[in-house]
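Have a look at the structure below before the remarks.
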Amino acid sequence: MSLTKLWRAALAALLLAATLPPAALADEGMWPFNNLPRAEIKRRYGFEVTDDWVRRVQSATVRFPNGTGSFVSPEGLVLTNYHIIEEAVGELSTAERDLAKTGFIAHSRAEELKMPGITLDRLVRIEDVTARVTGAVKAGMSDVEAASARQAEIGRIEADAAKTSGMRADVVTLYQGGAYNLYFYKRYTDVRLVFAPEFQAAFFGGDPDNFNFPRYCLDMALVRAYEGGAPARPENHFRWSKRGPREGEMTFVSGSPGTTQRLNTVAHLEFLRDTGLPLIVRALESRRDSLKKYMAGGEEQTRRGQNELNYAENFIKVFKGHAEGLRDKTLIERKRQNEAALRAFVEADPRRRKEYGDAWDSIARARRALASYERDRRMLGGLSLSDYSSSAFNSALFNYARTLVRLAAEGAKPDAERLPEYVDARRPGLESALYSTAPVYEEFERMKLAASLALMRDVYGAEHTLVARVLKGRTPEARAAELISGTRLKDVAFRKELAAGGREAVAASKDPLIVLAREVDAEAREVRRRYEEEVIGVERTAYGKIARALFEKEGTGLYPDATFTPRLSYGAVKGYRENGRTVGPFTYFAGLYERAARHGNKFPYNLAPRWAERKSEVDLKAPFNFVTTNDIVGGNSGSPTFNREMELVGLIFDGNIQSLVGNFHYDESVNRAISVDSRGMLEALRKVYGAREVADELTR
């Protein structure tokens, strides 16, 4: 079925959802561990959530830099998705040993592979620091002054907490400014690869099947956390369920969902629909097209480009889904009605009107102004860390150059005055990325940079002053070749030397990428400053007012939008209706082989060789993937799906097409999270991969 037809079905379901009573949305929410809907869970499923149960779940869940994982053995074994560690698998591969093609199995601890740059964070505790952050804002401050005061106080809180605890400490903005919590994390920096399937087994069906169901993917991977050179001994871990899930059974998902925008105002959503999302999609489509052209050059080019192509194709579908959802009049009207009801509640009381009444208009003005420079923000990369990198300079080597230029400039300032990503508390992570030993392929970097420079030219026009200054009269291809061939930033030692030399060394450098990064930095910083002061600063104040109005109207039992921090969702194993037919909750191994045969075993429906060779050995009736009503978004990838006994029954790896609207709205009738079944993972480990040692560790 086409994406458009699937979207029509999803939006039809939304129309129905608008008429349903509140109880129909009972499984909604990605809940912070310190604000769980315990009474609702007990009412709906008869399960009492205890403090001890919450503590054990929280301590068994970890966060990857780009997703989630969970401890699944007392010896530090961590389960996540293949696509979460896909980039690391690529960095561990060579042209002669392509782990994405062959898969990887460590039959002993000595065979496990260190994964540079991969860290795991385990949440230890949460503290409410709302009063301290909001107390930094004094009466009479402008939005810009208030934003600066909040940010300075957040910096002090994080620095003090990290120093006294020895842990990573992050202040997290909740309810878009309505509350602030301090999260303490224990960090694991020695992470080693234990098992990864072939890319084709993890991503069977490729982009056509992505965000669809039925699915037949072994999107799993196992790594091990080490401490002091020995396997970590986690306080708690999820026990592996040999029985697996049952239809109708209650399920939980713990993880770090990335972002949602369910509390956004209508004006904010309209900006995303009309301006923000189209720019992102255009940049991603340009990236996708250039990658496909490059990968047509051969197997080695395909190996180098596959991870980035997967990223581009995945997010094209995500953001197109978001845009399609926001173009639906039913969804916007539903949001408009909810907003009108809250505004009426505010206007009905003089005190509320005075305290909260201007919030919606402030956001609308900020978003209207942003439309005039959003192009610059996207192209120049004058973005905050939570945003996407520069669309005009898509190169790992340029990113090194920009980091060095800013590291030199920010290092000369007091810690409290620096850009947040350059404060001392975050220096270790910054240096880990800057001094990465990941291989750099000059031809690949040249292609990516040329394509992004061409995008910049096409977006601005060839005569634009920025374009002329960057290209210097050359074609994007020629300019990219000049920059990439002339830079020494491919050498880690040179990057360390420049960083050690500080501001003087960076200012004196004639390295062409350093020169380019210096030339565009003032403009990038200015557009970032304007965005943070005129949009983020305004919206932190305005959304804080809206949140407090919501608390007064609805009480504090509301979940905040996702913030890539640990959350818990609850639901059940349940199929759904799509286009007049029932979609059952499970798929089976037999379906994998049938789907491959139906497509002539051609990409992306081709079987990895060992799967074809060992068909006779597997149980074709073994469950493979399944769906639940758990409320998830990106960032939940790699999350454990588990039952009330804390037994792992599955591994989240995707959502269905209807779940893409979930960034703005959850509908239990069709939103589904997709997991790999615990029984299917064991079947594959034992009978397809011969990974007996790993399977035994999981089940003993």
Side-chain angles (χ1 to χ4, degrees), residues 275-276 278-297 301 304-305 307-309 311-313 315-316 319 373-383 387-406 438-490 495 506 509-528:
T275 304
L279 278 169
I280 296 173
V281 170
R282 182 175 181 181
L284 287 170
E285 288 179 334
S286 171
R287 189 173 300 187
R288 174 201 61 196
D289 295 344
S290 61
L291 285 165
K292 284 187 172 182
K293 184 177 180 181
Y294 174 77
M295 292 164 65
Q301 288 86 344
R304 295 173 186 173
N307 295 352
E308 294 200 26
L309 178 64
Y311 173 92
E313 289 187 328
F315 281 101
I316 287 168
F319 291 125
Y373 62 93
E374 177 70 351
R375 177 187 68 174
D376 300 331
R377 200 174 73 92
R378 292 289 167 192
M379 288 294 116
L380 287 169
L383 312 179
D387 243 316
Y388 302 92
S389 60
S390 166
S391 295
F393 308 105
N394 178 30
S395 164
L397 294 173
F398 178 83
N399 290 341
Y400 291 146
R402 168 164 282 173
T403 300
L404 285 163
V405 167
R406 292 190 172 177
V440 175
Y441 303 103
E442 190 168 314
E443 175 194 36
F444 189 40
E445 291 298 308
R446 186 168 63 245
M447 178 279 297
K448 291 194 296 179
L449 184 56
S452 59
L453 292 176
L455 174 67
M456 178 186 67
R457 178 200 60 196
D458 294 344
V459 167
Y460 282 104
E463 304 304 317
H464 193 278
T465 55
L466 173 66
V467 175
R469 197 167 73 251
V470 170
L471 293 184
K472 299 188 182 302
R474 297 167 180 79
T475 64
E477 293 76 16
R479 181 64 169 140
E482 177 182 65
L483 290 164
I484 299 300
S485 64
T487 187
R488 293 178 57 198
L489 293 174
K490 298 180 281 288
R495 299 199 295 269
V506 170
S509 175
K510 291 182 171 50
D511 185 280
L513 280 177
I514 294 289
V515 172
L516 176 62
R518 287 200 309 257
E519 289 177 345
V520 300
D521 197 47
E523 287 165 281
R525 282 175 176 268
E526 173 56 23
V527 76
R528 172 172 172 168

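Hydrogens, waters and symmetry mates are skipped; everything else that's a heavy atom, side chains included, is used. Note that this is a predicted model, so its numbers are computed, not measured.
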Counting only N and O atoms by type, is there a donor-acceptor contact under 3.5 Å from the side chain of E285 to the main-chain atoms of I316? no
If you measure from CZ on R525 to CG on L380, what distance do you get to the nearest 0.5 Å? 13.0 Å
Looking only at non-hydrogen atoms, find the nearest pair between I484 and R446 and report the distance. CG1-CA, 3.9 Å
Treating R457 as the side-chain partner and H464 as the backbone partner, does any N or O pair qualify as donor plus acceptor under 3.5 Å? no
One should read off an interatomic distance between E526 CD and Y373 OH, to the nearest 0.5 angstrom, of 9.5 Å
Going by heavy atoms in the side chains, are R287 and K292 under 4.5 Å from each other? no
With side chains defined as the heavy atoms from C-beta onward, is the minimum distance between L291 and Q301 less than 4.5 Å? no
Closest non-hydrogen atom pair between A451 and S286, with its separation: O-OG, 4.1 Å
With no hydrogens and no angle check, is any side-chain donor or acceptor of S391 less than 3.5 Å from a backbone partner on M379? no
Can you give me the closest heavy-atom contact between L404 and L489, atom names plus distance? CD1-CD2, 3.7 Å
Applying ring-ring contact (aromatic ring centres under 6.0 Å, His included) to Y294 and not counting sequence neighbours gives F444
Taking the side chain as everything from C-beta on, heavy atoms only, tell me whether K448 gets closer than 4.5 Å to S290. no
Do F398 and V520 make a side-chain contact, defined as non-hydrogen atoms from C-beta onward lying under 4.5 Å apart? yes
Got a second to check how far I280's CD1 is from F315's CZ, nearest 0.5 Å? 10.5 Å
Listed pairs under 3.5 Å, donor-acceptor, residues 465-472 side chains, sequence neighbours left out:
unit_1, atom_1, unit_2, atom_2, d
R469, NH2, E523, OE1, 2.0
R469, NH2, E523, OE2, 3.2
K472, NZ, R469, O, 3.4

Rounded to the nearest 0.5 angstrom, the OG-CD distance for S395 and E445 is 4.0 Å
Mind listing the closest non-hydrogen atom pair of L397 and T487 along with its distance? CD1-CG2, 4.1 Å
Atom CD1 of I514 and atom CZ of R402: how far apart are they, to the nearest 0.5 Å? 11.5 Å
Could you tell me whether a side-chain N or O of R479 sits under 3.5 Å from a main-chain N or O of R474, the two making a donor and an acceptor? no
Is it true that T275 and E374 share a donor-acceptor pair across their side chains at a distance under 3.5 Å? no
Quick check: closest heavy atoms across V405 and A517, and the distance to 0.1 Å? CG2-CB, 3.8 Å
Worked check of side chain to side chain contact (heavy atoms under 4.5 Å, CB included) between V459 and R378: CA-CA 11 Å; V459 167; R378 292 289 167 192; over 6 Å; no
For a quick test of reading the model, state the closest non-hydrogen atom pair linking R406 to A524 and the distance between them. NH2-CB, 3.6 Å
Could you list the residues that satisfy ring-ring contact (aromatic ring centres under 6.0 Å, His included) with Y400, not counting sequence neighbours? none
Has the side chain of D511 got a donor or acceptor atom that lies under 3.5 Å from a matching backbone atom of R488? yes
Nearest 0.5 Å, please: how far is NZ in K490 from OG in S485? 7.0 Å
